[in-house]
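Everything below concerns the one structure shown next.
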Amino acid sequence: MTILKLVFIELWKRKSQLITGLLAITLGIAVIVAIQSVSVVSEQNVARNLDNLGANILVLPQGASIDDYYTSDIDAPTLPMDYVERILTSTIAGVDNMSPKLTRRVKVGDQSVVLTGILPKSEIASKPLWQSSGLLGAELKTACAPSQSANKSHGLEDEKLKRKAIDTLNSKDCLAGSQVAKRLKLSANGRINIMGKEFNIVKILPETGTVDDDRIFANLRDVQQLLGIENQVSAIEIMGCCNAISEGLLGKLRNILPDTRITTIGQIVSTQIETNQLMKKITLIMLIIIFFVGGISIGNYIWANVNERKREIGILRMMGAERSTIYKMFLLKALILGVAGGILGYLLGTLAGVILGPYLAGIVVKPVYIYLLWSVLLSVTISLAGSLFPTYLAAKFDPHTNLQED
Amino acid sequence: MILQGENILKQYHHKGETINALDHVSFKVNKGDFVTVTGPSGSGKSTLLLALFGLIRLTSGNIIFDGKRIDNIGDRQLTDIRKKSIGYILQSFALIPYLTTIQNVMIPLALEKIPGKEQAKRAREILDYVGLSDRMEHLPRELSAGQQQRIAIARSIIHRPQIIMADEPTGNLDPTLSLEILEFLKKINRENKITIIMVTHSSVAAGYGTMKLHLNEGKIVTSGN
Ligand SMILES: Nc1ncnc2c1ncn2[C@@H]1O[C@H](COP(=O)(O)OP(=O)(O)OP(=O)(O)O)[C@@H](O)[C@H]1O
Ligand SMILES: [Mg+2]
């Protein structure tokens, strides 16, 4: 016999009371887990859509317009390549990915194509700062920070991401968009002459339905050389974490990048921010509600239990149980209730999310295992907080007054 | 001498009135005594036991247990004495309703944090001693009053206390069962040299005493063998 065993026996012998005691906290946790499970997926969905657009922030030269960015006129303005370095070496947080590009419309034979110089990942990733602020370890906080890994972890094979993830794009290598490949009858492993320079076609990119289909991608440095625009780019596409955006990432970038025009892919970003913030607000409100409702309900249950067991407390105290033993008895019980409420709530909430997600939000929800830990922690905290006061009163009972109540 | 009371005064204040529940009571109990405490209702018998338990504080006077004063020591030390040296039997049995016979009996050992195996071994021995070996897994409500009181007795001696305090242990029992319980207490008193202090209304029970205290209005009116 130990105090712990006593607690378990008592819990077990009064199962039905247990269920009422657990109801509020279990339901509360379930609602939060359900909301979170659904919203994490919907955030990822928004993030993925965003990613398909390429980026959510564009750094353009002062005089340029978004149109310039797409049409790539001969004399479209450019900005210095150093700016990439500036962003990398700054302390600005929230830049999850970036891609400097130089784009020009050029002639290949009698056809007009858009030549875009991009920097392969290997040339950016070699910067230590990039690694620390970049994709690595971004997985958890990635709710709105679309990154290759986040998408991969959801089993999504996004062609566009694959392209972005191209580790190396050697000098003299190029990638051709599907439309341009058709027009120029290009094929993988073939060759193409652009402005007098021979390129190996490493790959024909699958159709994306965007302007990218009309482009030929080559190493940025080759393109700069070829066009005679050394150390200049026409745009830097930035994938910024949307929270960082709402916290003023743009302003911070403007401070270090003079003479540029920095815009967000506005509407999408702002909707995304709004959704995320709304979800956060709902979760916060729910948290506060279940903290009070759950705490009070468990506290009430423990208080009823204390009253019902007044005599027992008296007996134990008479036999030499310390006040601390009484504390232990009821707080252990609260702890067990908390763990049970957390686990049940998690299971119930996850189940609700998985079943209702497709109906309500039109998305496939998967269980988020880490929420089990949070559910249990939250539930235990609430349960202990709610039980503290009744337990304190129980330990303060005079043993003899309770013994004489027959 | 195991227990001594000197000039014990316990006053209760009730609606501006002062009640002397114990009015300058003095007595001495030797090791191995079977003390019976009798007296009319309200004469202070239970109050005396509670004071000796260390469950209520005296207004004035001393209690000396095993050579040490216990009326002026802290709660923790008192709790410790109750845990190790005193066994209790109450009129209402005071069993924990959701625990089985053997679990109830093990409680004092659990409080002393004695290992589970030894708890079980000693509980079985004691239950054998009080004749309840075949009722170990029963809940209190599944047992007769006499059996419940025997559990309470088993519980009161399992931790080998020096002294047992019993407040009307036969008060809820019919005469036959009362005799059975009294015989038990006598056996415990003789065989294990455990001192017993028993409050009772019954003259039969009082007859078991080797030392008799009779209270009236908080005062000891007779004390003797
Ligand atoms: N907590 C209390 N507050 C006020 N008065 C009390 C309290 N406890 C006991 N008393 C009074 O002290 C006196 C002695 O009570 P006690 O319980 O010791 O009597 P008793 O001899 O055990 O009686 P009984 O035979 O009925 O059990 C009584 O007058 C009672 O009213
Ligand atoms: Mg009494």
Side-chain angles (χ1 to χ4, degrees), chain A residues 1-21 301-302 304-333 336-337 392-406, chain B residues 46-47 49-51 53-57 75-100 102-120 122-123 139 141 152 155-156 158-159 161 165 167-168 171-172:
Chain A
M1 200 69 205
T2 57
I3 294 301
L4 183 64
K5 197 170 165 196
L6 184 116
V7 171
F8 271 114
I9 295 171
E10 199 268 341
L11 270 172
W12 187 245
K13 292 273 162 71
R14 292 170 177 161
K15 288 187 282 286
S16 53
Q17 292 183 0
L18 187 72
I19 293 164
T20 20
Y301 166 73
I302 293 281
N305 194 242
V306 162
N307 274 304
E308 186 183 21
R309 296 166 73 187
K310 262 186 174 169
R311 253 183 76 73
E312 180 190 335
I313 297 167
I315 295 165
L316 289 172
R317 293 276 283 127
M318 176 188 77
M319 292 196 295
E322 309 269 353
R323 277 181 211 279
S324 63
T325 307
I326 307 300
Y327 262 112
K328 225 199 241 170
M329 247 167 69
F330 287 96
L331 291 184
L332 267 173
K333 181 162 181 167
I336 295 166
L337 286 180
Y392 167 75
L393 293 180
K396 258 183 59 161
F397 282 157
D398 276 338
H400 67 280
T401 46
N402 292 311
L403 279 174
Q404 287 176 337
E405 271 177 16
D406 269 355
Chain B
S46 297
T47 306
L49 272 197
L50 288 174
F53 284 11
L55 288 179
I56 55 172
R57 294 283 180 180
D75 270 345
R76 285 192 152 240
Q77 288 159 290
L78 271 176
T79 305
D80 207 50
I81 290 173
R82 288 209 300 276
K83 183 160 68 185
K84 294 193 173 123
S85 311
I86 304 179
Y88 307 90
I89 306 171
L90 300 181
Q91 178 176 356
S92 55
F93 319 138
L95 300 176
I96 296 179
Y98 55 84
L99 295 184
T100 61
I102 188 161
Q103 287 167 341
N104 261 295
V105 171
M106 288 191 294
I107 290 286
L109 302 183
L111 292 175
E112 285 192 71
K113 298 198 170 69
I114 284 169
K117 268 197 181 160
E118 198 188 332
Q119 286 188 25
R122 274 164 69 175
L139 292 175
R141 64 164 182 273
R155 186 181 62 183
S156 73
I158 191 166
H159 56 305
M165 310 252 189
D167 196 346
E168 300 187 41
N172 278 359

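All heavy atoms count here, side chains included; hydrogens, waters and symmetry mates do not. So that the names make sense, note that chain A is the first sequence line, chain B the second, and so on, each numbered from 1.
- A/Met319 has its side chain out of reach of B/His159: every pair of non-hydrogen atoms, C-beta onward, lies at least 4.5 Å apart.
- A/Arg311 and B/Ala94 make their closest contact through NH2-CA, 3.3 Å (heavy atoms, listed as atom of the first residue, atom of the second, distance).
- Considering CE of A/Met1 and CG of B/Asn104, their distance stands at 8.0 Å, rounded to 0.5 Å.
- Within the structure, side-chain hydrogen bond (donor to acceptor under 3.5 Å, both in side chains) contacts touching residues 321-332 of chain A (residues at least two apart or in different chains) do not occur.
- Between chain A and the residues B/Leu99, B/Ile86, B/Ile81, B/Leu139, the most heavy-atom pairs under 4.5 angstrom are made by B/Leu99.
- For the atom pair CD1 (B/Ile96) and NZ (A/Lys13), the distance works out to 11.5 Å, reported to the nearest 0.5 Å.
- In this structure, B/Tyr98 and A/Leu6 have side chains that are in contact, with non-hydrogen atoms separated by less than 4.5 Å.
- Heavy-atom distances place both the backbone and the side chain of B/Gln103 under 4.5 Å from chain A.
- Only the backbone of B/Leu95 has a heavy atom closer than 4.5 Å to any heavy atom of chain A.
- Other residues, nucleotides and ligands contribute more than 12 heavy atoms inside 6.0 Å of the CZ atom of A/Arg14.
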Using residues 106-118 of chain B as the side-chain source, report each donor-acceptor pair under 3.5 Å to any protein atom, sequence neighbours left out, with the distance given to one decimal.
from	atom 1	to	atom 2	distance (Å)
B/Glu118	OE2	B/Arg122	NH1	3.1

